[in-house]
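As structure tokens, the structure follows; a few thoughts come after it.
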Amino acid sequence: MGQPRGKDQEKDVLRGHDERNVAALNFIPVQERLPEDLLRLERMVIRTNGQPAKIVCTGVPGIGMARGSDNDLLVALINVYIDAGCPADGIITTSAYALLKLSGQGTSGKHYQALSQCLARVFNTTYHITDGWFDFHAKRYTTVSFRIIDSLTRTHREETGADITLDSRSVLRIRLSEEITKSIRNGYIKPLNLTDYQSLPTVGSRTLYRLLDMYLDEAATRGDPKPYRMAVSLMTHAQNCGVLNRRPDHVRRALDSMHEPLIKMGYLATVNYVGKGLKTTVHYTYGETTSPINQEHVALLVKHGVHRGVAEKYARNLGEKVVVVVAKFAEELKRPNKKIENPAAYLVSLLKDVDSIVAQTRSDELRKQDIQRTRKASQAKIVKAEAQQNHLFEEELHLAIQKEGPEAAVEFMLTSFKVRQLQRHGLELHEIDQVRNAVLERRVDAAQMHAILNRVLMSPEVGIRDLRALL
DNA sequence: AGAAGAGAGATTTCGGTTTT
DNA sequence: AAAACCGAAATCTCTCTTCT
């Protein structure tokens, strides 16, 4: 154990992805050994933003439930699915060899045997998640039931009784759960450094890495000051990771062994336990070098002429602020009386001046959050039917326009969240800017614009055509 | 040469005992 | 009574050896 295989580190980093629900909920417990007769497991987890969720998983007698290292298979499947271009039917075809490689395992006979058992477990475990599965499209938490794998066909060397042997030429045809694939297609994913992930020696450290990376990703998105820090209640954290034991000293011991490799590789700088027993909280400080580089941000900057190396530096250091600065840049670029000789250099100068730009947008955002919070309070009483919620959105929008003018309306409908989504659906950044201006200048009614933007998300072809006609 | 087997070493999990 | 300490059983991993 210990040092990651050095040769991999020299090479390019394997850039993978993780589905956010899977990473946050961790519905496969880390525990490697579960009692044979344990076929139903119920636990509460708290998502990174505080949303509580109940997870019930059920196994089949004789096979047991998915656990521990089966998480690696799930990560591999998600990445195979994304690499395959996210087919709408959710079917991926891959080899047993590729799956083993992707989950960072060896490829000896024993590993193939382990893989077939692992597939059997994952295939036969059902999950029921209450109020914890985030529907990225509808923007709310939902209750879902599913199996990770819907169907599974495999070619195998030979069948000797009940034992099915996979080998390096086995081809697997797997249909992933629609809940998972739908979420991926909706873009509810985050980058995952597979090279780091695979270099971790234990199941626990790998699972914790993914979970902590979710927190890190959110801290970067919020634009927290560095170094990034994070604190959670010990027992909550244990539940989130899938450590089943409820005794604080046992939990702590389990966590310690997960932390060690993460500290060694520099992902975590420090881990502190504050308090005693059940009331202990765990405080993490991330390592300096762990800032994730968001490739989308890099691409965004490169597109505007910034040199790749420079772009990576700013993407690493500024996180989500990059989007804010580029938006500002696009805005400035369009001012008729402004002459910019070298757009790339101008963008870099804005990047250097990030603090004042972000301060400005942040004060706007705070105001917006305030509005939303007061409204949420009254909203709580209302039934959460989808149609009604849509209606509410419209109403909020109208209120925003009446009270605060079009600026507030724009803030409300063009959150950075939504801007990214729109881009993913094929809108160019300058077009989004046109949208913003059209509303600001009152050329287009905010409610109307909001409806069209939603259409873009629902059915891009029609929506974008309508939108372009309007601009 | 490659597969199978044996044995040492490390991990994980869990229960009993002492301490606060 | 809760929390921390300690240690042991069970199980897995890695390496070396043996057999076909």
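Lettering of chains follows the sequences in order, A, B, ..., and the numbering in each one begins at 1. Any value given below was found using the heavy atoms of this structure, including those in side chains, with hydrogens, waters and symmetry copies removed.
- One interatomic measurement links the two molecules: NE2 of His259(A) to C1' of dT12(B), which rounds to 16 Å at whole-angstrom precision.
- Remark: Arg185(A) engages Tyr81(A) in a side-chain hydrogen bond (donor to acceptor under 3.5 Å, both in side chains) (not counting sequence neighbours).
- Protein atom CG of Asp256(A) is 15 Å distant from nucleotide atom C1' of dT13(B), rounded to whole Å.
- The distance from atom OH of Tyr273(A) to atom P of dC5(C) is 12 Å, rounded to the nearest whole Å.
- For Arg247(A), the salt bridge (Lys or Arg N to Asp or Glu O under 4.0 Å) criterion is met by Asp249(A), not counting sequence neighbours.
- Taking atom CG of Leu255(A) as the reference point, atom C1' of dT13(B) lies 14 Å away to the nearest angstrom.
- Atom CZ in Arg67(A) sits about 14 Å away from atom C1' in dT13(B), given to the nearest Å.
- A search for side-chain contact (heavy atoms from CB on, under 4.5 Å) contacts involving Ala98(A) returns Thr94(A), Ser95(A), not counting sequence neighbours.
- Taking side-chain N and O atoms only, Ser257(A) has a distance below 4.0 Å to OP1 or OP2 of dT12(B).
- Residues of residues 234-253 of chain A that place a heavy atom closer than 4.0 Å to DNA chain B, in numerical order, are Asn245(A), Arg247(A), His250(A), Arg253(A).
- Side-chain atoms of Thr270(A) and Thr285(A) include a donor-acceptor pair closer than 3.5 Å.
- Judged as a side-chain hydrogen bond (donor to acceptor under 3.5 Å, both in side chains), and not counting sequence neighbours, the contacts of Ser233(A) are Thr236(A).
- Taking the nucleotide of DNA chain B with the nearest heavy atom to each of Ala254(A) and Lys276(A), the more 5' of the two is matched to Ala254(A).
- Take Arg206(A) and apply the salt bridge (Lys or Arg N to Asp or Glu O under 4.0 Å) test, not counting sequence neighbours, and it matches Asp72(A).
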